[in-house]
Protein chains: 4
Amino acid sequence: MKNSFGNAINITLFGESHGTGVGVLIDGIAPGIKIDEDFIANQLTLRRPSGKISTARREPDEYVIQSGVFGGYTTGAPLCIFIPNTDTRSRDYSPDLPRPSHADFTAREKYHGFEDYRGGGHFSGRLTAALVAAGAIVIPALREKGIYIGTCINQIGQIGLSEVPTSKEELLAVAESEYGLVGDYAISMMKDTIELAAKEGDSIGGVLETAIIGLPAGIGEPWFDGVESQIARAVFGIPAVKSVAFGAKDIELMRGSRANDAFTVKDGKIITATNNSGGIQGGITNGMPIVFRTAIKPTPSISQTQMTVNVATGEETSLEIKGRHDPCIVQRARIVLDSVAALVVADMLTVRYGSDALMQK
Amino acid sequence: MKNSFGNAINITLFGESHGTGVGVLIDGIAPGIKIDEDFIANQLTLRRPSGKISTARREPDEYVIQSGVFGGYTTGAPLCIFIPNTDTRSRDYSPDLPRPSHADFTAREKYHGFEDYRGGGHFSGRLTAALVAAGAIVIPALREKGIYIGTCINQIGQIGLSEVPTSKEELLAVAESEYGLVGDYAISMMKDTIELAAKEGDSIGGVLETAIIGLPAGIGEPWFDGVESQIARAVFGIPAVKSVAFGAKDIELMRGSRANDAFTVKDGKIITATNNSGGIQGGITNGMPIVFRTAIKPTPSISQTQMTVNVATGEETSLEIKGRHDPCIVQRARIVLDSVAALVVADMLTVRYGSDALMQK
Amino acid sequence: MKNSFGNAINITLFGESHGTGVGVLIDGIAPGIKIDEDFIANQLTLRRPSGKISTARREPDEYVIQSGVFGGYTTGAPLCIFIPNTDTRSRDYSPDLPRPSHADFTAREKYHGFEDYRGGGHFSGRLTAALVAAGAIVIPALREKGIYIGTCINQIGQIGLSEVPTSKEELLAVAESEYGLVGDYAISMMKDTIELAAKEGDSIGGVLETAIIGLPAGIGEPWFDGVESQIARAVFGIPAVKSVAFGAKDIELMRGSRANDAFTVKDGKIITATNNSGGIQGGITNGMPIVFRTAIKPTPSISQTQMTVNVATGEETSLEIKGRHDPCIVQRARIVLDSVAALVVADMLTVRYGSDALMQK
Amino acid sequence: MKNSFGNAINITLFGESHGTGVGVLIDGIAPGIKIDEDFIANQLTLRRPSGKISTARREPDEYVIQSGVFGGYTTGAPLCIFIPNTDTRSRDYSPDLPRPSHADFTAREKYHGFEDYRGGGHFSGRLTAALVAAGAIVIPALREKGIYIGTCINQIGQIGLSEVPTSKEELLAVAESEYGLVGDYAISMMKDTIELAAKEGDSIGGVLETAIIGLPAGIGEPWFDGVESQIARAVFGIPAVKSVAFGAKDIELMRGSRANDAFTVKDGKIITATNNSGGIQGGITNGMPIVFRTAIKPTPSISQTQMTVNVATGEETSLEIKGRHDPCIVQRARIVLDSVAALVVADMLTVRYGSDALMQK
């Protein structure tokens with residue numbers, strides 16, 4: 001299942017950067033989830049480029065729900081969301097000059113030149129708008145069940161910023177914040193760092209830290225559908241992600257005596273005294289917060305001249321990427337991570353509790 | 001598909017640490033792959049504990065091919081391998097005292113006390129013997145197609161050791177080496193580090209670095225079945241894995257101008273001048289070596305007394321793990337990574353080139 | 001995978017009868033398949049109701065390709081087709097009075113009242129328009145590889161009509177005919193039979209016979225993904241289908257000595273002298289034509305008064321279905337069967353020969 | 001997923017007729033299902049050949065549970081059952097002379113001569129022993145939830161025998177009967193009919209009728225995972241099955257006014273007055289008994305001389321099948337159908353109610 005993930009709820013992405021639009025098909029969603037149109041719009045806004053630290057391409061991301069919703073609730077039938085493209089400038093792209101560290105060359109090798117090469121086509125980060133819309137269907141239903149998800153910008157380049165909190169209130173504040181940062185100082189640090197790179201015609205990456213709280217113990221499957229496997233599979237689908245790490249930072253450098261999470265009792269409930277494992281043992285949740293870190297490579301589109309090869313002539317040549325592009329996408333990827341995490345969690349709950357697991361009322 | 005991975009070739013693990021045995025079912029394998037019994041036995045030996053740096057549990061890993069092989073070749077029908085357990089000492093385990101950072105507690109939460117709790121049951125690292133046997137079916141077929149895979153121990157705890165090479169000869173030497181280390185000094189460093197931890201009743205983790213060479217460009221799928229997604233999903237299935245990272249170490253700290261892999265021409269073929277992307281763009285191979293790093297947490301079984309909770313009485317108590325256990329499993333996980341990587345590659349080639357993709361003349 | 005079928009090419013249906021529209025998402029399609037817009041339009045026309053023997057609901061079925069096509073060819077990325085609804089009269093439907101032998105009641109039981117009940121909602125035969133559009137993407141590519149598919153109306157009620165031919169020319173003629181009937185007499189018999197039922201406020205069913213020629217031997221999988229299993233699974237997805245039978249009619253009544261297909265040699269090729277098996281043994285094609293018969297129940301919408309239960313009050317009551325409906329859908333289902341068969345064949349070829357199997361030069 | 005079926009519970013068959021043995025892997029089974037060893041043995045006995053009307057090959061079908069059971073209950077981990085072969089006479093088979101209407105030729109075309117050709121290899125009906133064992137794991141758990149399944153021999157050749165009942169007591173009696181027949185007269189008719197065919201060196205087929213009672217309304221999925229689609233897909237996996245039909249016999253010949261199942265109220269529950277639909281509308285259960293008919297072709301192994309082609313030389317030749325074979329397998333297939341139906345039902349319940357759906361206290 002190429003462009004899909006999920007065992008009980010299948011999420012499939014479609015669309016192209018400069019085609020008709022981008023979309024997502026959600027199959028297996030519970031009936032009776034209330035659609036919160038404002039929330040969807042707001043999530044799309046959080047993903048949208050803004051200010052000097054993002055691409056100049058600005059689209060309102062007007063979405064259309066093409067199926068699966070009736071009377072303001074999900075029906076249980078496949079839910080298709082389509083986001084038409086409006087602001088596309090295709091003249092910026094050439095099929096013969098693959099941009100370094102973009103998917104232009106690999107797409108051509110896979111699709112033999114039939115790929116829509118404009119702006120990365122099907123590989124464009126623009127498709128994450130559809131992912132965000134899909135996430136926005138399930139996030140409110142998860143919150144109603146006490147499950148909260150949030151992602152902080154932990155690092156931009158080498159600059160350390162916020163750590164993700166694990167209380168409901170703080171996590172909710174992070175999820176709804178503009179940048180996934182705690183404190184004004186962090187925001188100005190982030191902006192300065194990105195703008196510096198931009199000014200030099202360059203780009204910059206970073207690290208995001210995500211927490212999921214409120215998941216009961218016993219969720220996930222052994223071996224290849226463990227929580228780590230499922231989250232990692234979906235998260236590596238997001239463009240520019242190069243690593244995913246669960247639990248305490250650098251747990252691989254610790255001794256076992258420090259890394260192990262001893263059990264203890266709190267308010268009559270068995271919990272662990274520490275959470276170095278990030279809430280997962282053997283692929284199964286233990287009831288503690290799930291915590292993972294996602295590394296985002298620097299945006300491959302930079303203004304500086306780069307070397308490439310003209311695939312039509314086979315000759316080496318230089319390339320100056322015009323187009324509009326982001327000097328950093330870490331701050332935008334944040335809301336995509338929340339969405340993907342929410343979709344994976346919704347799927348796992350549906351496997352565990354059945355097809356009505358997310359129904360409200 | 002809980003205990004499975006693969007789209008065209010499905011790998012499913014079964015078995016328990018202290019039950020009848022462990023096994024693997026391979027469905028969708030090409031016909032006409034020559035079975036190399038010596039190679040399978042040798043791979044199992046490389047995974048097996050040895051010396052002071054491993055558990056005292058020693059089993060010959062005699063495997064039985066229960067189906068799918070005829071006249072020394074795969075038939076194309078499902079291939080089932082079973083490895084009976086022989087050296088099991090179940091008295092070492094109690095169902096009521098979950099060991100910290102093992103899957104005992106989460107298994108109980110998921111399976112309501114019906115799980116086979118002995119030695120981790122279905123969650124035991126012992127099942128990786130079956131994974132290694134499965135890998136040993138396809139590795140020779142991949143080599144015949146010019147695809148080589150090898151994994152180095154890159155770090156034990158904080159001690160830096162070998163980097164994975166990307167030439168065929170060196171990679172083959174690594175794959176067949178006892179420890180996945182380059183040079184005697186590295187071996188003695190590794191042993192000293194592990195033995196020190198063991199002496200202190202403690203355990204230690206580390207990092208493995210894997211390379212896959214010889215894969216053509218154009219392999220993998222966009223979005224959620226990209227090469228990173230597929231490898232990460234399978235690798236996170238391996239017990240104790242806590243992070244997976246592709247490409248240059250710390251690429252997220254670089255600027256784009258340094259991270260980008262410019263295209264160039266060598267011997268008439270388009271390659272990249274650097275390989276910071278680890279051979280993958282947009283989830284699709286670009287023909288360069290695939291490189292990824294896997295972090296292994298310290299083994300949770302340590303001799304030191306730990307705190308736990310008696311799940312029957314709900315009371316906090318202390319626990320001394322007797323059993324036999326490894327102070328470090330990084331060196332054993334190495335061959336498991338090779339196996340998993342080989343199975344993922346075999347699957348992707350079958351998706352790309354069809355069900356006979358691995359058939360040998 | 002609820003609304004999907006296919007292993008290498010995944011077909012997912014979405015939409016509702018009286019919502020925004022209906023659509024299909026095709027994931028895993030080869031790149032380089034030429035899109036024949038006229039052919040798609042023509043196939044949609046063949047499915048569309050016409051004359052006195054069909055519902056009065058008439059829509060032009062203007063489709064939009066939302067993704068996956070560029071420069072007139074498939075790109076290999078997911079291909080989404082959307083067909084907006086235009087002629088919808090929702091006042092004809094009530095949520096409280098389930099129509100006998102429709103899916104109203106079962107949808108309500110499954111979706112707890114959240115389902116879009118208008119005109120059958122997601123269960124409506126209208127979604128087969130999207131299936132036909134999907135089929136029309138692959139049928140020309142299959143023909144270019146020498147694979148032809150056609151379906152005849154074999155019976156309307158108890159009236160025997162045409163048998164499906166297995167020569168290329170005749171099969172092509174059937175596929176492109178208005179009714180899937182051979183000869184004017186059969187057409188007038190069919191019309192008379194349907195109109196008679198319609199005049200009496202009743203409906204009628206029938207049997208369709210489908211042939212697939214040109215498939216090489218060795219296609220399909222053993223056991224549960226055999227050709228019969230895959231075709232039957234997809235065909236039973238079509239509303240009103242109640243049985244699927246492969247090979248000679250009533251083969252279960254024959255003795256083995258008559259049913260068995262002896263091997264013989266023709267033009268240097270091993271074929272079978274008879275084709276009672278319908279081209280399949282052990283789930284795998286033998287190179288002979290694949291032949292199957294699909295029984296369609298009488299349309300459940302009839303004008304006569306029927307008994308039902310008001311699900312809101314729990315009281316028995318009578319129901320007169322107003323709406324617009326077909327006295328018979330056999331003649332319309334014909335083109336849906338061709339489409340489904342084509343999609344299953346395309347999928348099996350892709351599994352067998354890899355992801356470029358259907359690419360055209 | 002070649003040799004598998006099931007969305008939440010995956011059933012995969014493996015093994016060969018004359019290899020080490022046959023087996024089944026059940027992944028996704030609930031924990032806490034009590035294993036009834038006597039019941040498993042008894043079900044295997046019901047499938048086993050007996051008397052003059054079956055093959056002379058007789059094996060005790062000693063099965064081994066290789067994983068997934070602990071303390072007499074399923075653990076929730078993959079459950080592997082292996083049935084070693086004991087009574088194999090491979091000298092009876094030749095790779096060069098494909099038997100008419102067996103899978104010998106198609107297996108060769110698919111697997112290029114690498115297939116295990118002895119006795120049909122992986123395509124042998126012997127693998128259904130493993131299916132029966134798998135079914136015997138879930139049937140007791142289903143019964144505890146009020147779900148009963150039974151299959152009657154409806155026809156042998158053209159001789160009409162029993163119709164499947166739909167009361168719990170009668171269905172249970174049928175399920176546990178030796179032949180799935182009601183009344184001694186039917187048994188003697190069946191035996192006479194089969195023995196007559198056998199005496200003439202011939203074979204005979206027939207029709208089985210299966211009922212499933214006790215399933216709640218609302219089970220199944222729309223479109224391609226409807227109850228009909230799922231049952232048909234699994235049932236067509238059984239060797240010799242050529243058609244599957246749901247609901248009233250010949251519903252396609254009826255008028256809608258007669259075929260439609262009007263709603264009515266009984267004991268405060270909405271039911272249908274008739275059950276021509278066989279308990280399913282739109283792929284979803286309506287709470288009435290599920291009824292379907294499965295046609296089994298005559299056994300292809302007959303004693304009479306048949307024509308075949310020597311695939312090594314390409315020459316036409318005659319063939320006399322020695323081996324041991326059944327003149328009729330309808331009576332043995334009965335218990336296989338019960339097993340497959342039970343596994344499909346177990347899977348659908350797990351999708352609907354979650355992974356603990358079948359857990360027993």
Side-chain angles (χ1 to χ4, degrees), chain A residues 2-5 13 100-101 103 106 109-110 122-123 158 202-207 217-218 221-225 228-229 232-233 236-237 242-243 245-247 251-257 259-263 265 270 277 281-282 284 286 295-300 302 304 306-309 316, chain B residues 2-3 5 13 100-101 103 106 109-110 122-123 157-158 202-203 205-207 217-218 221-225 228-229 232-233 236-237 242-243 245-247 251-257 259-265 270 277 281-282 284 286 295-300 302 304 306-309 316:
Chain A
K2 290 101 214 123
N3 298 279
S4 299
F5 67 93
L13 278 189
S101 289
T106 56
E109 291 291 311
K110 178 168 176 57
H122 181 58
F123 293 84
Q158 318 214 10
D202 215 332
S203 66
I204 197 161
V207 179
E221 305 292 333
W223 296 94
F224 309 108
D225 268 341
E228 289 119 328
S229 284
R233 188 201 162 187
F236 272 116
K242 294 306 276 186
S243 87
F246 290 83
I251 189 174
E252 65 271 18
L253 307 184
M254 298 179 189
R255 286 283 186 85
S257 55
N260 283 0
D261 294 317
F263 291 103
V265 175
I270 300 174
S277 310
Q281 297 292 6
I284 317 285
N286 65 4
I296 312 279
K297 73 174 183 181
T299 328
I302 57 176
Q304 300 176 20
Q306 299 180 86
M307 293 306 298
T308 186
V309 172
E316 298 183 348
Chain B
K2 291 101 215 122
N3 298 278
F5 67 94
L13 279 189
S101 288
T106 56
E109 290 291 311
K110 179 170 176 55
H122 180 59
F123 294 83
Q158 319 214 11
D202 216 332
S203 67
V207 178
E221 305 292 334
W223 296 94
F224 309 108
D225 268 341
E228 289 119 329
S229 283
R233 188 200 161 188
F236 272 115
K242 294 306 275 187
S243 87
F246 290 83
I251 189 174
E252 65 272 19
L253 308 184
M254 297 178 189
R255 287 283 186 85
S257 56
N260 282 0
D261 294 317
F263 290 103
T264 183
V265 175
I270 300 174
S277 310
Q281 296 294 4
I284 318 285
N286 66 4
I296 311 279
K297 73 174 182 180
T299 329
I302 57 177
Q304 300 176 21
Q306 298 180 85
M307 292 307 297
T308 187
V309 173
E316 297 184 349

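Because only heavy atoms are used, hydrogens play no part in the values below, and waters and symmetry mates are left out as well, while side chains stay in.
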(request) Kindly state whether the ring of A:Phe236 and the ring of B:Phe246 have centres lying under 6.0 angstrom apart. (result) yes
(request) Report yes or no: does B:Asn260 contribute a side-chain atom to a donor-acceptor pair with the main-chain N or O of A:Pro300 at less than 3.5 Å? (result) yes
(request) Name the option with the most non-hydrogen atom pairs under 4.5 Å to chain A; the candidates are B:Glu109, B:Lys297, B:Lys110. (result) B:Lys110
(request) Starting at CD of B:Gln158, measure out to CD of A:Glu252 and round the result to the nearest 0.5 Å. (result) 9.5 Å
(message) So does B:Ala245 get a backbone contact from the side chain of A:Lys242, meaning a donor-acceptor N/O pair under 3.5 Å?
(response) no
(request) Would you check if A:Phe224 and B:Leu13 make a side-chain contact, meaning some heavy-atom pair closer than 4.5 Å? (result) yes
(message) Would the distance check show the side chain of A:Arg233 and the main-chain N or O of B:Ala232 forming a donor-acceptor pair, the cut-off being under 3.5 Å?
(response) no
(request) Check A:Pro222 against B:Phe123 and note the closest heavy-atom contact, atom names and distance. (result) CB-CE2, 3.6 Å
(request) Grab the two heavy atoms, one from A:Glu316 and one from B:Val265, that are nearest each other, plus how far apart they are. (result) OE2-N, 2.8 Å
(message) I'd like to check A:Gln306 versus B:Ser257 (side-chain heavy atoms, cut-off strictly below 4.5 Å). Are they in contact?
(response) no
(message) Is B:Leu253 in contact with chain A via its backbone, its side chain, both, or neither, using a 4.5 Å heavy-atom distance?
(response) both
(message) For A:Ile296, which atoms come within 4.5 Å of any heavy atom of chain B: side chain, backbone, both, or neither?
(response) backbone
(request) State the OG-CG distance between A:Ser101 and B:Asn286, to the nearest 0.5 angstrom. (result) 8.5 Å
(request) List the atom of B:Thr308, the atom of A:Phe263, and the distance in Å for their closest heavy-atom pair. (result) OG1-CD1, 3.3 Å
(message) A side-chain contact here means heavy atoms from C-beta on lying under 4.5 Å apart; do B:Met254 and A:Ile204 qualify?
(response) no
(message) For a quick test of reading the model, state the closest non-hydrogen atom pair linking B:Met307 to A:Ala262 and the distance between them.
(response) O-CB, 3.4 Å
(message) I'd like to know if the side chain of A:Glu221 pairs up with that of B:Asn3 as donor and acceptor (distance under 3.5 Å, no hydrogens or angles considered).
(response) no
(request) Taking B:Trp223 for its side chain and A:His122 for its backbone only, find out whether a donor-acceptor pair lies under 3.5 Å. (result) yes
(message) Quick check on the interface: out of A:Gly247, A:Ser229, A:Gly205, who has the most heavy-atom pairs with chain B under 4.5 Å?
(response) A:Ser229
(request) Using a strict 4.0 Å threshold on nitrogen-to-oxygen distance, state whether A:Arg255 and B:Asp202 make a salt bridge. (result) yes
(request) Please flag which part of B:Thr299 lies under 4.5 Å from any non-hydrogen atom of chain A: side chain, backbone, both or neither. (result) backbone
(message) When you measure from the side chain of B:Thr106 to the backbone of A:Gly218, do you find a donor-acceptor pair of N or O atoms at a distance under 3.5 Å?
(response) no
(request) Please flag which part of B:Glu228 lies under 4.5 Å from any non-hydrogen atom of chain A: side chain, backbone, both or neither. (result) both
(request) Specify the closest pair of heavy atoms between A:Pro298 and B:Ala259, including all atoms of both residues, with the distance to one decimal. (result) CG-CB, 3.6 Å
